[in-house]
S.K.: 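Handing you a structure now.
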There are 2 protein chains.
Amino acid sequence: MADLEIRELRYFVALAEELSFSRAAGRLGMAQPPLSKAVQGMERKLGVILLRRSTRRVELTDAGRVLLDQARHVLDAAAAASARTRRAGLPQPRLVVAVKPGGDAGLLADVLARYHREPGHPPARVTVGGWGEQAAELREGAADVALLRDLPDHAGLDHEVLATQPRGVLLPRGHRLAGRGTLRRADLAGEPVPVWPPAGPRHALFRAALDHLPGAAAPEGPEVGDFQQLLEVVALGQGVAFVPLASAALHPRADLVCVPVVDISPSTVVVAWAQTSRSPSVAAFVRAATDAAADISGRHGS
Amino acid sequence: MADLEIRELRYFVALAEELSFSRAAGRLGMAQPPLSKAVQGMERKLGVILLRRSTRRVELTDAGRVLLDQARHVLDAAAAASARTRRAGLPQPRLVVAVKPGGDAGLLADVLARYHREPGHPPARVTVGGWGEQAAELREGAADVALLRDLPDHAGLDHEVLATQPRGVLLPRGHRLAGRGTLRRADLAGEPVPVWPPAGPRHALFRAALDHLPGAAAPEGPEVGDFQQLLEVVALGQGVAFVPLASAALHPRADLVCVPVVDISPSTVVVAWAQTSRSPSVAAFVRAATDAAADISGRHGS
DNA sequence: GGCCAGTGATATCCACCGGGTATTTATATC
DNA sequence: GATATAAATACCCGGTGGATATCACTGGCC
């Protein structure tokens with residue numbers, strides 16, 4: 001049962017994505033024949049046909065689809081192993097915390113203070129990145145822990161919920177519903193929802209919108225790449241967006257209003273970490289985060 | 001940033017476990033010098049010292065400890081990739097369900113019926129294994145989904161709780177507390193707790209016992225390897241054990257009594273699966289399991 | 001304190017195989 | 001049926017993974 005090598009898995013992923021031996025070989029910086037041989041070797045070792053190929057078409061078998069998914073996990077894990085080991089070997093290792101601007105619900109300073117109060121843990125270094133990057137950073141070992149909103153459902157991450165925030169809908173000031181004090185989601189049937197981001201896994205706000213609008217009554221709006229574009233599209237009347245009320249308050253615009261929607265699930269602020277890197281320092285940071293959040297909500301509650 | 005190869009990670013894990021180049025080389029079926037060279041190559045590629053070595057002692061650096069942990073995850077993922085791909089390539093692929101005798105809370109038949117009712121999914125095959133094996137089977141890809149009690153906290157598994165069952169304490173019939181109708185955990189201070197299993201991650205019942213008994217008041221009892229041995233030890237008065245009441249009812253013995261303990265957390269029955277293998281079939285099985293559990297508890301509640 | 005046993009590092013060599021080039025084979029299109 | 005394109009086959013070469021032999025260092029022990 002000789003197992004597969006990392007190199008072979010990289011080859012296979014490239015091939016499965018390109019569905020062409022020549023193109024995949026080009027992307028890998030190698031010639032086509034050795035790629036053919038490598039894949040034949042994998043099929044021999046596994047005793048399984050991975051690709052149905054003629055001279056004109058290449059397509060994955062069921063087993064090939066499984067291997068594509070699994071290989072990505074292995075490659076992530078291998079990249080993470082290198083990255084985390086390198087970081088641990090630095091003269092002064094740091095706990096890398098990935099945050100998104102506005103995605104920490106104002107908790108970051110308090111969390112860091114609590115984390116540093118407990119001795120024996122490496123100092124924290126904060127990196128700022130857009131949504132989606134954080135999950136990738138955690139999985140690939142570039143970061144140890146992250147504060148973010150609405151965790152994507154990607155496998156491999158554990159999380160604790162720190163806070164929930166009610167969501168509203170962003171509307172242009174002149175919209176027929178802009179004057180209402182609160183809305184229910186049924187009111188929004190038929191409003192177009194901008195697609196965000198245009199490629200790859202959708203942003204949680206987008207998925208939330210689809211989940212919350214009744215049935216297929218939500219036509220897809222234009223594609224937007226970031227939050228600013230989203231605001232522009234809404235201002236132009238091309239779509240509506242579900243955002244946390246607190247987040248809307250951070251970006252006030254004269255031409256937009258944010259109306260609370262009472263019957264949709266709230267946005268969550270979470271602390272997340274890779275399931276494969278639960279070090280004592282990560283645990284300490286998570287504890288600091290949950291303590292800080294409990295303290296805040298307790299203070300609000302009193 | 002050339003990444004590490006699976007082969008190198010296997011070498012490193014063997015070396016880190018043996019802490020001896022010669023012994024590790026022996027275990028790997030190779031000679032000692034190439035192992036030295038391979039590890040030097042890894043350190044060169046990573047730019048990190050993994051082992052502090054003299055001619056008499058070998059010990060891991062901090063970075064080495066990190067890599068050991070990470071390498072195990074990569075090797076698990078790689079083994080799982082091979083296993084799952086092989087299984088998917090079989091003429092008639094199956095959904096492999098790992099169950100523990102008595103660990104399904106009587107749900108298995110109903111869950112299987114519901115799963116098979118939905119068309120389009122491969123037929124299920126049930127494998128029976130002891131506790132701990134199931135988690136390993138899921139991580140290594142030998143099984144797709146498992147019904148088990150008290151999920152170990154190993155990383156890499158997702159789960160949904162299907163049911164909770166109150167726990168009691170097993171006592172020999174002549175024990176000073178055996179006549180009581182119910183107990184509180186304070187009553188049990190000072191009772192010895194058998195260690196189970198003797199090596200590796202502890203069984204959830206054991207960890208629960210330590211969590212629930214006040215402070216360090218619980219001396220460790222003898223080591224036991226399985227449930228039958230645990231019953232023997234308790235019968236001999238060498239220790240006490242926390243078990244789900246339903247589980248105790250399955251193994252009635254004249255010389256043992258099970259007394260409910262009212263202030264400890266209940267045992268949970270969960271459906272679990274590897275985070276890295278969320279196929280539609282797994283999702284369908286999980287849905288069937290939660291539906292079946294909701295149905296049962298609903299029927300009991302009515 | 002010096003000898004010896006044991007262990008890791010170095011030196012050197014070989015064989016295998018990962019990868020390249022040239023060619024053949026098969027299929028879709030016109 | 002001719003042609004063009006892309007995967008498979010044939011063959012070759014160089015790098016490297018692994019083996020054997022040896023050196024160098026550490027630590028126990030008389």
Side-chain angles (χ1 to χ4, degrees), chain A residues 1-61 63-64 67-68 71 74-75 78 82, chain B residues 1-61 63-64 67-68 71 74-75 78 82:
Chain A
M1 295 297 166
D3 19 41
L4 306 174
E5 286 292 331
I6 295 283
R7 179 181 40 81
E8 296 178 299
L9 295 177
R10 266 207 317 276
Y11 291 177
F12 181 76
V13 170
L15 178 54
E17 284 174 358
E18 298 287 345
L19 288 180
S20 154
F21 281 74
S22 328
R23 279 199 305 277
R27 207 177 97 182
L28 292 165
M30 65 190 294
Q32 169 258 317
L35 180 58
S36 286
K37 264 208 309 186
V39 173
Q40 287 169 15
M42 296 173 72
E43 292 180 324
R44 188 174 34 78
K45 280 193 271 196
L46 292 171
V48 158
I49 302 297
L50 297 171
L51 300 142
R52 203 69 220 154
R53 39 207 191 273
S54 74
T55 59
R56 301 304 273 189
R57 177 161 50 253
V58 173
E59 53 188 12
L60 289 170
T61 62
L67 183 58
L68 173 59
V74 177
L75 293 177
S82 297
Chain B
M1 294 298 165
D3 16 46
L4 305 173
E5 286 293 331
I6 296 283
R7 177 180 42 81
E8 297 179 297
L9 295 176
R10 266 209 316 277
Y11 291 178
F12 181 77
V13 169
L15 178 54
E17 284 175 357
E18 298 286 345
L19 289 179
S20 156
F21 282 74
S22 329
R23 279 199 304 276
R27 207 176 96 180
L28 292 165
M30 65 189 295
Q32 168 259 317
L35 180 58
S36 286
K37 265 208 306 185
V39 173
Q40 288 168 16
M42 296 173 71
E43 291 181 322
R44 188 174 34 77
K45 279 193 272 195
L46 292 172
V48 157
I49 302 296
L50 297 171
L51 299 144
R52 202 71 219 154
R53 38 207 192 271
S54 73
T55 57
R56 300 305 273 188
R57 177 161 49 251
V58 173
E59 53 189 10
L60 289 172
T61 62
L67 182 59
L68 174 59
V74 177
L75 293 178
S82 298

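Naming convention: chains lettered A, B, ... in sequence-line order (proteins, then strands); numbering from 1 in each chain. On a predicted model such as this, the values are computed, not experimentally measured, just so you know.
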S.K.: Could you tell me whether a side-chain N or O of A/E43 sits under 3.5 Å from a main-chain N or O of A/L50, the two making a donor and an acceptor?
M.R.: yes
S.K.: Any chance you could list the contact pattern along nucleotides 11-16 of chain C? Use B for base contacts, S for sugar-phosphate-only contacts and - for none, protein heavy atoms under 4.0 Å, 5' to 3'.
M.R.: ------
S.K.: Do A/L46 and A/L4 have side-chain heavy atoms sitting under 4.5 Å apart?
M.R.: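 In contact.
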S.K.: Please check the phosphate of C/dG8 (OP1 and OP2 only) for any side-chain N or O of B/S20 closer than 4.0 Å.
M.R.: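 Answer yes for this pair, as a side-chain N or O of B/S20 is under 4.0 Å from OP1 or OP2.
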S.K.: Hey, could you give me the CZ/CZ distance between A/R27 and A/R10, rounded to the nearest 0.5 Å?
M.R.: 11.5 Å
S.K.: Let me know the distance between CZ of A/F12 and P of C/dG18, rounded to the nearest Å.
M.R.: 18 Å
S.K.: Expressed in angstrom and rounded to an integer, what is the separation of B/E18 atom CD from C/dT7 atom P?
M.R.: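 To the nearest whole Å, that distance equals 12 Å.
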S.K.: Are any of the side-chain heavy atoms of A/L67 and A/V48 separated by less than 4.5 Å?
M.R.: no
S.K.: Atom CG in B/L68, atom CG in B/L9: separation rounded to 0.5 Å?
M.R.: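 Answer rounded to 0.5 Å: 10.5 Å.
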S.K.: Identify which nucleotide among D/dA8, C/dG19, D/dG18 has an atom closest to any side-chain atom of A/F21, counting heavy atoms from C-beta outward.
M.R.: D/dA8
S.K.: What nucleotide among C/dA9, C/dG19, D/dT9 has an atom nearest to a side-chain atom of B/R53?
M.R.: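 Given the options C/dA9, C/dG19, D/dT9, the side chain of B/R53 is closest to C/dA9.
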S.K.: Measure from the side chain of B/A31, starting at C-beta and using heavy atoms only, and say which of D/dA19, C/dG19, C/dA9 lies closest.
M.R.: D/dA19
S.K.: CZ of A/R57: more than 12 outside heavy atoms within 6.0 angstrom?
M.R.: no
S.K.: Grab the CG-P distance between B/L35 and C/dG8 for me, whole Å please.
M.R.: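 Rounded to whole Å, this separation is 9 Å.
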S.K.: Rounded to whole angstroms, how far apart are CD on B/E5 and P on C/dC17?
M.R.: 15 Å
S.K.: Where along nucleotides 24-30 of chain D does protein come under 4.0 Å, by heavy atom, of base (B) or sugar-phosphate alone (S), with - for untouched nucleotides?
M.R.: -BBS---
S.K.: Does OP1 or OP2 of D/dT9 have a side-chain N or O of A/S36 closer than 4.0 Å?
M.R.: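 Answer is no, no contact under 4.0 Å.
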S.K.: Expressed as a whole number of angstroms, how long is the span from A/I6:CD1 to C/dG18:C1'?
M.R.: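 Atom-to-atom, A/I6 to C/dG18, this comes out as 17 Å.
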S.K.: Could you check which of C/dG19, D/dG17, D/dA19 has an atom nearest any side-chain atom of A/P34?
M.R.: C/dG19
S.K.: Could you state the atom-to-atom distance from CD1 of A/I49 to P of D/dA8 in whole Å?
M.R.: 11 Å
S.K.: What is the nucleic acid contact for B/G41, judged by heavy atoms within less than 4.0 Å: base, sugar-phosphate only, or nothing?
M.R.: nothing
S.K.: Respond yes when some side-chain nitrogen or oxygen of A/R7 is under 4.0 Å from OP1 or OP2 of C/dG19, and no when none is.
M.R.: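 Indeed, a polar side-chain atom of A/R7 lies that close.
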S.K.: Tell me: CZ of B/R44 to C1' of C/dA9, nearest whole Å?
M.R.: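 After rounding, the gap between these two atoms is 15 Å.
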S.K.: Measure from the side chain of B/Q32, starting at C-beta and using heavy atoms only, and say which of D/dA8, D/dT20, C/dG8 lies closest.
M.R.: C/dG8
S.K.: Between C1' on C/dA9 and CG on B/L51, what's the gap in Å once rounded to a whole number?
M.R.: 14 Å
